Amino acid sequence: MQLTVALKQMAIAVINDLYGVLLPETSITITETKPDFEGDYTIVLFGLLKQLRQSPDGLGMAMGQALQAAHPDMVVGFTVVKGFLNLTISDAYWLNTLQHTHNTQYGWQPANGKKLMVEYSSPNTNKPLHLGHLRNNFLGWSVAELYKATGYEVVKTCIVNDRGVHICKSMLAWQKFGQGATPQSTNKKGDHLVGDYYVMFEQALKAETAPLLEKLRAGEAVAGLDAVAAEKLPLLQAKIHDAALAPEKRDEAQAALTEMARNATPLMAEVRQMLLKWEQGDAETIALWQTMNGWVYAGFDATYQRIGSNFDLVYYESETYLLGKQRVEEGLALGVFYKKADGSVWIDLSTDGFDEKLVLRKDGTSVYMTQDIGLAERKYADFAMDESIYVVGDEQNYHLSVLKLICQKLNMPFAGGIKHLSYGMVELPTGRMKSREGTVVDADDLCNEMEGVAAAKTLELGKVNDFEPHELAALYATLGMGALKFYLLRVDPKKRMIFNPEESIDFHGFTGPFVQYTYARIQSVLRKMDDRGANATAAHSSSLLPAEKAVLVLLEQFEGQIALAAAEMNPSILAGYVFLLAKTFNGLYAEHSIVGAESIEKQVLRLKICRLVATVLKNGMGLLGIGVPARM
RNA sequence: GGCUGCGUAGUUCAAUGGAUAGAAUAGGAGUUUCCUAAACUCUAGAUCUAGGUUCGAUUCCUAGCGCGGCUACCA
């Protein structure tokens, strides 16, 4: 059992003995003792004083004595400072952690019988993966593994957005400008090739939009506007020239006008026509769609393999987008939804703090929400999970809240188990990434760059000159991806983060390579000891120096840190822990020799510490999706 | 406008309402005849503003200022 959990239970027991009051576990606050005070863990007494009608000193002394008397093998001393009861834990207790030295699964919990689904990645098939996807992929993968480690049965899923207007844009541009180009003929990854045509489409669209926009700005009429747009037009035209209006409002109107002009272009008309043909099952359109998506999937597979993403189930929007309709029909009968005069179907969530939300268009086609309702149902039919985590950016907080609420109102059995791992945008120092401005950081490019830096740094240091080419390639991948993953996972997922291309590619300090380096040095020590035929059966020292104890205290926390990171869906907790462990171990390494320890007992002790630190670093980094090298 | 999130060292990030707000990096000063210096040691440096709640507030509440996101019959 984790020490802090045990201490809480012990505290509750002694309070019950002393005062006859049975407190809940949550009422006990335990923190690590500040370095300036004597002790290892501290019970904060302030919150208990009023209820127990005790003075800080009185309660502290009474609890300290009772704890020490009841658990003399664990609590070997205490001090009371103001309202803090500082407990000193016995060396024997810390040394006890070393019983796990040969357990390669240290940190893992047995199965708990619960099932969890984690959906992550969710790419569109019209362009390659970018930096934002990487944060999503790393988070999703890591959270899934964290839950596995705490005993859940976990299934990783991916929803591929493989249909819709955006896909047709790439297809249309390829038809118009592609001249039969293929990944083979251009020697290009399929996802990048298709992405190029998406960009080409946007460029061509921009060219077509410009003259239309000029006309609209000048107050002239243009062909191709639908009725709704035509109605809004005069107001917008007035707004953009209204000097009395706030600049933001003028910009807003300007953007709406631009959107209107884009939709009035012949190109967009062609795209809509293509989408229609796709939905009607037009053979030629479907064939093109299958071909181009095939290229994209081959490209995605390469990237996924490289970044370590994998999925147990893959859903395709093209296969699920009709599924939600049936539930909407049933919900309509139940009165959860209602139909407007034009035939569109809505749900009124105003009493739940939301707005009215459309769930079916007036022409009967499904929208984003419709298919997500259908997908949720299908997921449950496939896996019957207790909980379902959606790894989706925070710009969709509203959507996910509404999805859960609708599922609850439909009495779907899985509704309560829906959780949203809402993560913040990755931004550049110049602001948000914008595909229109070409500032999107491509995932493949970034991976290449990271491995390039790893290679340059490795060659510069020259420590692995005897490696074979394939060993070097593997090492560069381990280090480059380690640096990248650690960088994106070390920040609280909920917060948006800045990616600085210059500064982020760092291999020093709070980074993946720092931890990997610590691991490699331990392996080096272990190899050296093996060479010398170290005495494995000798007893280890039973007293602890401060540097040794500091490492053991951290090793004991591993399970608790995994549990916390999983419960919070927050891998950064584990990243911080692993870094702290590596740093603390480096202190021990610098201060005390292991191979050349002052005695056999000390050597055996430090060797055991080395082994367990190596296991925890390997397992901990593994939960972040990061490998550790035997040498670097 | 409505809803919602965030403001912490020069920079990037920490801190279940708890003790003197921690790291990393950049800056300054050091450490290698000794297990990998991608390391270690020392140094300097921060809570947006104004109120409130209480033994105690970076954390909770109110207002203001600043920066995001959402507010589509797009996904």
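From a predicted model like this one, the values you see are computed outputs, not experimental measurements. Letters A, B, ... are given to chains in the order of the sequence lines, protein chains preceding strands, and every chain is numbered from 1.
- Proximity note for A:Arg496 (side chain, C-beta onward) versus B:A39, B:U36, B:G68: the nearest is B:G68.
- A:Phe486 and A:Phe510 have their aromatic ring centers within a separation under 6.0 angstrom.
- Rounded to whole Å, the C1' atom of B:C67 lies 48 Å from the corresponding atom of B:U32.
- As rounded to the nearest Å, B:G2 and B:U54 have C1' atoms that lie 34 Å from one another.
- Regarding A:Asn465, its CG atom lies at a distance of 13 Å from the C1' atom of B:U36, rounded to whole Å.
- A salt bridge links A:Arg262 with A:Glu202: the closest approach of a Lys/Arg side-chain nitrogen to an acidic carboxylate oxygen falls below 4.0 angstrom.
- Counting only Watson-Crick and G-U wobble pairs whose two distances sit under 3.5 Å, RNA chain B takes part in these stems of three or more pairs: B:1-7 with B:65-71, B:10-13 with B:22-25, B:27-31 with B:39-43, B:48-52 with B:60-64.
- As judged by a 4.0 angstrom heavy-atom cut-off over every strand, A:Asp492 is placed among residues touching the sugar-phosphate backbone only.
- Evaluation of the side-chain hydrogen bond (donor to acceptor under 3.5 Å, both in side chains) rule for A:Thr88 yields no partner, not counting sequence neighbours.
- At a threshold of 4.0 angstrom between heavy atoms, the contacts of A:Asn86 include nucleobase atoms, whether or not backbone atoms are also involved.
- Here B:G2 presents its C1' atom at 14 Å from CZ of A:Phe354, a figure rounded to the nearest Å.
- Considering only side-chain atoms of A:Tyr589, the nucleotide from B:A39, B:C55, B:U36 that sits closest is B:U36.
- RNA chain B is contacted by both A:Val491 and A:Phe84; A:Val491 maps to the nucleotide lying nearer its 5′ end (nearest heavy atom per residue).
- Under the stacking criterion of a centre-to-centre distance below 5.5 angstrom and an interplanar angle below 30°, A:Phe510 is not stacked against the six-membered ring of B:A23.
- Rounded to a whole Å, the NZ atom of A:Lys494 is 15 Å from the C1' atom of B:U4.
- Every residue two or more places apart in sequence or in another chain that forms a salt bridge (Lys or Arg N to Asp or Glu O under 4.0 Å) with A:Glu279 is listed here: A:Arg163.
- As rounded to the nearest Å, B:A57 and B:G52 have P atoms that lie 12 Å from one another.
- For A:Tyr368, the side-chain hydrogen bond (donor to acceptor under 3.5 Å, both in side chains) partners are A:Gln396, not counting sequence neighbours.
- Separating the P atom of B:C6 from that of B:A46 is a span of 25 Å, rounded to the nearest Å.
- Residue-level contact check: A:Leu564 touches neither bases nor backbone, having no heavy atom under 4.0 Å from any strand.
- Within the 4.0 Å cut-off from OP1 or OP2 of B:A14, at least one side-chain nitrogen or oxygen of A:Lys495 is found.
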What donor-acceptor contacts under 3.5 angstrom involve side-chain atoms of residues 565-578 of chain A, with partners at least two apart or in another chain?
unit_1	atom_1	unit_2	atom_2	d
A:Asn570	OD1	A:Ser572	N	2.9
A:Asn570	OD1	A:Ser572	OG	2.6
A:Asn570	ND2	A:Ser572	OG	3.4
A:Tyr577	OH	A:Leu554	O	2.6

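- Not counting sequence neighbours, A:Glu319 has no partner by the side-chain hydrogen bond (donor to acceptor under 3.5 Å, both in side chains) test.
- Judged as a salt bridge (Lys or Arg N to Asp or Glu O under 4.0 Å), and not counting sequence neighbours, A:Lys127 has no contacts.
- Contacts of A:Thr42 with the nucleic acid, taken as non-hydrogen atoms under 4.0 Å apart, include base atoms.
- Nearest-nucleotide positions on RNA chain B for A:Gly596 and A:Gly47 put A:Gly47 closer to the 5' end.
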Which side-chain N or O atoms in residues 45-58 of chain A pair as donor and acceptor under 3.5 Å with protein atoms at least two apart or in another chain?
unit_1	atom_1	unit_2	atom_2	d
A:Gln54	NE2	A:Leu52	O	3.3
A:Ser55	OG	A:Gly58	N	3.0

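- Rounding to the nearest 0.5 Å places CD of A:Gln9 at 5.0 Å from CD of A:Glu25.
- Spacing of C1' atoms, B:A15 relative to B:G28, comes out at 27 Å, to the nearest Å.
- Contact annotation for A:Phe37: base contact, defined as any heavy-atom pair under 4.0 Å involving a base atom.
- Side chain of A:Thr370 to backbone of A:Val359: a donor-acceptor contact under 3.5 angstrom is found.
- In this structure, A:Met497 reaches the sugar-phosphate backbone alone: every heavy-atom distance under 4.0 Å involves primed, P, OP1 or OP2 atoms, never a base.
- Using a 4.0 Å heavy-atom distance criterion, A:Ile498 is classed as a sugar-phosphate-only contact.
- Counting any heavy atom pair closer than 4.0 Å across all strands shown, A:Lys457 reaches a base atom.
- At least one side-chain nitrogen or oxygen of A:Lys528 sits closer than 4.0 Å to the OP1 or OP2 atom of B:U36.
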Checklist outcome for this item: Expected string for nucleotides 70-75 of chain B under the B/S/- scheme (protein heavy atoms, under 4.0 Å, primed atoms plus P, OP1, OP2 as sugar-phosphate) is S--BSB
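- Atom CG in A:Asn397 sits roughly 9 Å away from atom P in B:G5 (whole-Å rounding).
- You'll find the ring centres of A:Phe507 and A:Phe514 outside the 6.0 Å limit.
- Comparing the P positions of B:U71 and B:G10 gives a spacing of 37 Å, expressed to the nearest Å.
- At a cut-off of 3.5 angstrom, counting only N and O atoms as typed in the model, there is no donor on one side facing an acceptor on the other between the side-chain of A:Ser572 and the base of B:A14.
- To the nearest whole angstrom, the two P atoms, one in B:U36 and one in B:U58, are 46 Å apart.
- Within the 4.0 angstrom heavy-atom criterion, base atoms lie near A:Thr458.
- Nucleic acid contact class of A:Lys583 (heavy atoms, under 4.0 Å, all strands): sugar-phosphate only.
- Atom-to-atom, CG of A:Asn586 to P of B:A23 comes out at 15 Å; the value is rounded to the nearest Å.
- As rounded to whole Å, 17 Å separates atom C1' of B:U36 from atom CZ of A:Phe507.
- The stretch residues 517-524 of chain A touches RNA chain B through A:Tyr517, A:Ala520, A:Arg521, A:Ser524, each having a heavy atom under 4.0 angstrom from the strand.
- Identified under the salt bridge (charged side-chain N to carboxylate O under 4.0 Å, His left out) test for residues 26-46 of chain A, with sequence neighbours left out: A:Asp40-A:Lys549.
- Although no hydrogens or angles enter the test, the distance criterion places a donor-acceptor pair under 3.5 Å between the side chain of A:Gln516 and the main chain of A:Thr478.
- Remark: C1' of B:U32 and CD of A:Glu591 are 17 Å apart, rounded to the nearest angstrom.
- The gap from the C1' atom of B:A21 to that of B:G56 amounts to 14 Å, rounded to the nearest Å.
- For A:Asp466, the salt bridge (Lys or Arg N to Asp or Glu O under 4.0 Å) test picks out A:Arg631, with sequence neighbours left out.
- The nearest whole Å value for the distance from the CG atom in A:Leu49 to the C1' atom in B:G18 is 12 Å.
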